**Q** 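Structure in C-alpha cells, see below.
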Amino acid sequence: MGEKTDVWQGTLALMVLKTIETLGPLHGYGIARRIEQTSGNLLSLNYGTLYPALLKLEQEGAIASEWGVSDNNRKAKFYRLTRAGRKQLAKEAQDWAQATEILARFLSPTEDPA
Amino acid sequence: MKRLRAWGWRLAGLFTNNRRERELADEIESHLQMHIDDNLRSGMTPEQARRNAILKLGGIESTKEAYRDGSTIPFLENLLQDVRYAVRQLRKNPGFTCTAIFMLALGICASVAIFAFVDAALIKPLPYPDPTRLVGVTERSAMFPRANLSYPDYLDWKRFNKVFNSLDVYAGTGYMLSTPAGTEVVPGERVSAGFFRTLGITPVLGRSFYSGEDLPGAPNTLMLSYDTWQKRYGGSKDVIGQTVRLSGVPYGIAGVLPRDFQFAPRGRAEFWTVFHASGECDLRRSCHDLDGIARLKDGVSVQTALADMTSIAQQLEKQYPGSNRGQSANVLPLSETIIGNIRPILLVLLGGAGLLLLIACVNVASLLLVRAESRTREMAVRTALGASRTRLIRQFVTEGVVLVTSGSVLGLIAAKWAMQLLVTLIPVDMMTRMPYLHGLGLNIRVLTFACAISLLAAVLFSVTPALRLSLSEMRVGLTEGSRGSAGNTWRRLGSKLVVLELAVAMVLLVGAGLLGQSLYRLLRVDLGFQPDYLAKVEVAAVGPRYAKDEQTVTLGRQIVSRVSTLPGVKSVGITSLLPVNFNGNTDWIRFVGRPYNGEHNEVNQRDVSAGYLTTLRAKLLRGRYFTDAEDTSKPKVVIINQALARKYFPGADPIGKQFGNDDLSPKSIKTIVGIVDDIKEGPLDSDIWPAVYYPFNQSPDSSFSLVVRTSQVPQSVLPALTGAVHQIDPGVGTYGEATISGNINDSPSAYLHRSSAWLVGGFAALALLLSLVGLYGVVAYSVSQRTREIGVRMALGAERGAVYRLILKEAGWLAIFGIILGVVSSLTAATLMQKLLFGVRSWDVPTLIAVAALLSISALLASYIPARRAASVNPVQALRAE
C-alpha cells in the first residue's frame, strides 16, 4: 500500500459517505454504482476496492451495517451513516472544498495583480 | 480516538475470523448477484453477466485478501500462525516439550520464590516514611558490637548530639494482664515519647505520645497495637481514655497503632507504653537495657552520626569512668539492624537458585540444539520452498517463546505455592521478628524479576537454534541429510554446555555438602548439658505481691517443691535465662586482691536455683553445687564456668577465690564454690563466654524459667507444670511452655542453618539430576550420530570393549573437565559463603573429594546406558540403516 492508495481511499471514503448521506441506507453494490454514475462515468471504479474502504469506515465508526433485503428482493448488507459519520462527512467535505478552491486558484489563469 | 477504535476492531478481528469471513463471502455473493441481475436486465447472456460482474469487482479472492488485511493485523495474524505451528511442533514431541517446560518451571520456581524472600527482606524499603534516614543507635563494647544503651547515657546522647532530628529508645518487656481467662503475660514495649514520631507513624485512633510524656511525673499512657485493639477491645472507638492495668499499674489508652504498623525488633508487642524511668536498672548508668532509633538530620550521613556519637561516648567515658569505660557508640542504618543477619543466607540461597536456573536453561538450550540439529532437513526444505531466513528464525523464536511462556507460567504458580510453603516452615517465634515477610507474594518487583529472567531465557532459546541456522549449512543440510558426520557443531557446543552444567552442579553440591556438615556439627555441638527429657515454662511474678526479693525467693521455693512432686518429674530447676539463647545479661566483675585497671570484665550472668545445674546434668568439674539454704542470710557464693576459670585463673585453683562488682562493695563480694563445664548459653554457633552462676535465692529475678527433667516424654508434663504454678498463685503469669530440645531445634541459628542446608541441598540434588540428564543427552545423541562410524569400526574388527571405551572416554573427558572447573568454582563460591559455615572450612577436602566422586560415578552411570547401546550395535544393520 503506497501513498497513492491512501489518497485514493481518502477520497473514496468521502464519496461513500456522501453517497450514503444522499441516498440513505444502501448496500455496497448500490454505493459503487452510484459513485460511478455521479462521477459521470469518469471514474473507473474497481468495485472490489470499495469493501476495504467500507470496512475501514465501519471500524472507525462513521458507518454501521445491517443485513436487509434489496429492492429486487436480494439479501444484502446495508450501510447507514452514524452521527460520527455525519460529522466526519461535513468536516471532510469542507476540507475538500477548501483544498480544491485553493488548487483551482493556483491552476486557473488569473490576471497578474501587478 | 478514531484510530484506537479501528485497532480495537482489528484486534477483535483476530478472534472472530471465521464469522467475518463468512459474512464477507455472503456480502460479495449478494453484490455479484445484484450486479448480475442488472447485467441481465441490460441484455447480457447469463455467462457474460457473471463474467462482467466478477471483472468489475476485480476478482473475488483479491477483494477478500484486501478486506482481510484491513480486518485484522497481518503481523499478528502471522504470529498467531507461527504460535499455532510452534505449539503443534512441540506437541508432536511431548517428551522433549514436557522435559523442557518442567526444567524451566523448576528453575523459575526456585529463583522466583527465593527472590520473593530477598525482595521482602532486602529490597522492599522499611514501611516508614523516608526509611533510609532511620538509624539504629546503640552502645558498643568489647564483647558486643551492638550493646544496649543505659537510660542515663541515652539522656546525654539525646542532649548532646548534633546529628539527629530525634533520638528515641525502646525496651522489650512483658506485662501481666488480668483477663477473664486468668492472668496472662502479654508482650509489651516501653518506648520513649517520640518513638512513633521518629518512625513517622501516626495512630489510626487517638493520639501519639506528647513530647515530654516520658518525663517523670507525667501520667502512664500507652498505645494499643491494632490486633490487640481488635482482639481485646473488639475494635471499639471508646477505648481512648480508658484505663488498662498492666502488672497492677494503671495506664490510660492514648491511641491505636495502624493495622500495617510493624517494628521487626519487637514484632508481637501488644501494649506500647510510654517509657518512665523506674526501678533500679533504669536509673543506673551501668545497666544497659535500651535500644535506640534515630532520624538523621538532612545531609548527615551514617558515618558522620557515628563520629558524633563516638565523641560523645568518649566524653562520657572520661566523665563516668566507672560505668562508661570501654562503652563506645554504634550507629547503623535501621534496615541493617533488622535484616543484617539474614542477608548472607538469602544471598547464598538466591545464588543457589540462580545456578539451578542456569543449569535448567543450559539443559533446555542443549535440548533445543539437538532438535535444531535433527531439523536441519526440515529447515533446508523450507528454505528451498522459499521461506526467508528471518521467517525461519522467527519460527525458532516463536517456539522458544512458547516454551518459556509455558515454563514461566507453571514456574510462577509453583513459586507462589513454594513461597507459602516456605513461610509456614518458619517457626512462629522467628516469624514475629520478620514481619516484613507478611507481604510476601508475587508483587510487581517479583513479577518484573520473573519477566526479566523469562525474557533472558527466551532470548537464549531463540538464539541457540537460530545460531545453528547459518545459511551455508542450510544448503548442506539438503545434500547431507542425516548422513553420519552431521551434528559436529552440536557435539562441540553441546559438550561445552555439559561441562558448564557439571561445574555448576559441582558448586551446588559442594555448597550443600558444606552447609549440611555445618548443620550436622551445629546440632551435635557440645551443649554442656543433656537437652533431652527437659521441659520448661516461663514464669513472670511482678506486681505488688512480689515487690520484695524475699517474696520472689519464697515463690521460687514453693514452685520447686510443688513441681518436683508432679508425676514424671525427676528434678526441677530455676534460671534467669535458659541455655542456647543468647550471650548477654552480663555482669561486670572485679577480682579481690588483684590490681584493677578499670577495664570491665564482662561475663554472662545467670541466676539459678540449687537444683538447676543437676537438672540440666551439667558437669561439675570441681567444688560443689549451691544448696537451697544459701540465700541472702548466708555469705554470697558463685559457680563459674570453665571458660572463666581458664581466662581469669590460668594455672590456678579458683575455688575459694573472691570477686565483686567494680568498686568491690562489701555487699557484692562472692566466693567461688564450684566450677562447671561450659554450658552453651549463647546460640548454637556462638562461642563460649565466661559465665557466672549466682544462687537464685541470693539474686532473684521477677521473671524466670522453670526447667524440669522428666522420666517420660517431656511434652506430657507441660500442662501440669502451668497448673502447678497457678495453684500456688493464680496471679503469676506463665507462658512459653516447650521442651528444651524443641526450643533448640527452633532456635534461630538452628533454623537458619537447617533451612539453608535443606534448600541448597534440594537445589544441588536437582542440579545433579539435570546435569546428568544433560550429560546423558549429549552422549546418547553423539552415539546416535556415530552409529555408522561405530558400525564401520566394528566391521573392521573393533571389540565391544573398545566401543565402550570410545564412548565412555568421551563422557569421561566431559566429566573430568566439568569436575576440574567445578572444583575451582566451588572453592570461590565456598569462600563467599564462609559466614554461613560452622565448624567446617570452606576448602574442606573430604567434601570436595566426596562430591567429585559422586559426580564421577553418576556421570559414569549416565553415560553407561548410551555406551551399552553403542556397543550392542549390529555392524551390518548400522551400515545398512542409512
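None of the values given here were measured: they were computed from a predicted structure. So you know, we letter chains A, B, ... as the sequences are listed, proteins then strands, and number each from 1.
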**Q** Taking only residues two or more places apart in sequence, or in another chain, which ones meet A/Arg86 in a side-chain contact (heavy atoms from CB on, under 4.5 Å)?
**A**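 Applying side-chain contact (heavy atoms from CB on, under 4.5 Å) to A/Arg86 gives A/Glu21, A/Leu81.
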
**Q** Select all residues of residues 31-44 of chain B having any heavy atom within less than 4.5 Å of some heavy atom of chain A, and report them by number, or 'none'.
**A**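 Heavy-atom contacts from residues 31-44 of chain B to chain A are B/His31, B/Gln33, B/Met34, B/His35, B/Asp37, B/Asp38, B/Arg41.
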
**Q** OH/A/Tyr29 to CD/B/Glu27 distance, rounded to the nearest 0.5 angstrom?
**A**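 One finds 14.5 Å between OH of A/Tyr29 and CD of B/Glu27.
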
**Q** Which heavy atom in A/Tyr51 sits nearest to a heavy atom in B/Leu57, and how many Å separate them?
**A**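 What the structure gives for the nearest pair is CE1-CD1, 4.3 Å.
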
**Q** Check B/Asp26 against A/Trp67 and note the closest heavy-atom contact, atom names and distance.
**A**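 Closest pair (atom of B/Asp26, atom of A/Trp67, distance): CB-CH2, 3.5 Å.
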
**Q** Please walk me through it: do B/Glu29 and A/Arg74 pass side chain to side chain contact (heavy atoms under 4.5 Å, CB included)?
**A** CA-CA 10 Å; B/Glu29 186 51 36; A/Arg74 291 267 178 212; over 6 Å; no

**Q** Would you find more than 12 non-hydrogen atoms of other residues, nucleotides or ligands less than 6.0 Å from B/Ile444 atom CD1?
**A**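 For B/Ile444, atom CD1 is not crowded (no more than 12 foreign heavy atoms under 6.0 Å).
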
**Q** Sort B/Glu23 into side chain, backbone, both or neither according to what part of it lies under 4.5 angstrom from a heavy atom of chain A.
**A**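 Both parts, backbone and side chain.
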
**Q** Excluding sequence neighbours, so at least two apart, what forms side-chain contact (heavy atoms from CB on, under 4.5 Å) with B/Ala450?
**A**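 With neighbours one apart ignored, the set is B/Val112, B/Leu412.
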
**Q** Could I get the full list of side-chain hydrogen bond (donor to acceptor under 3.5 Å, both in side chains) partners for B/Arg394, not counting sequence neighbours?
**A**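 Partners of B/Arg394 under the side-chain hydrogen bond (donor to acceptor under 3.5 Å, both in side chains) test: B/Asp82.
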
**Q** Among the options A/Lys75, A/Arg33, A/Lys77, pick out the one with the most heavy-atom pairs lying under 4.5 Å from chain B.
**A**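 The residue among A/Lys75, A/Arg33, A/Lys77 with the greatest pair count is A/Lys77.
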
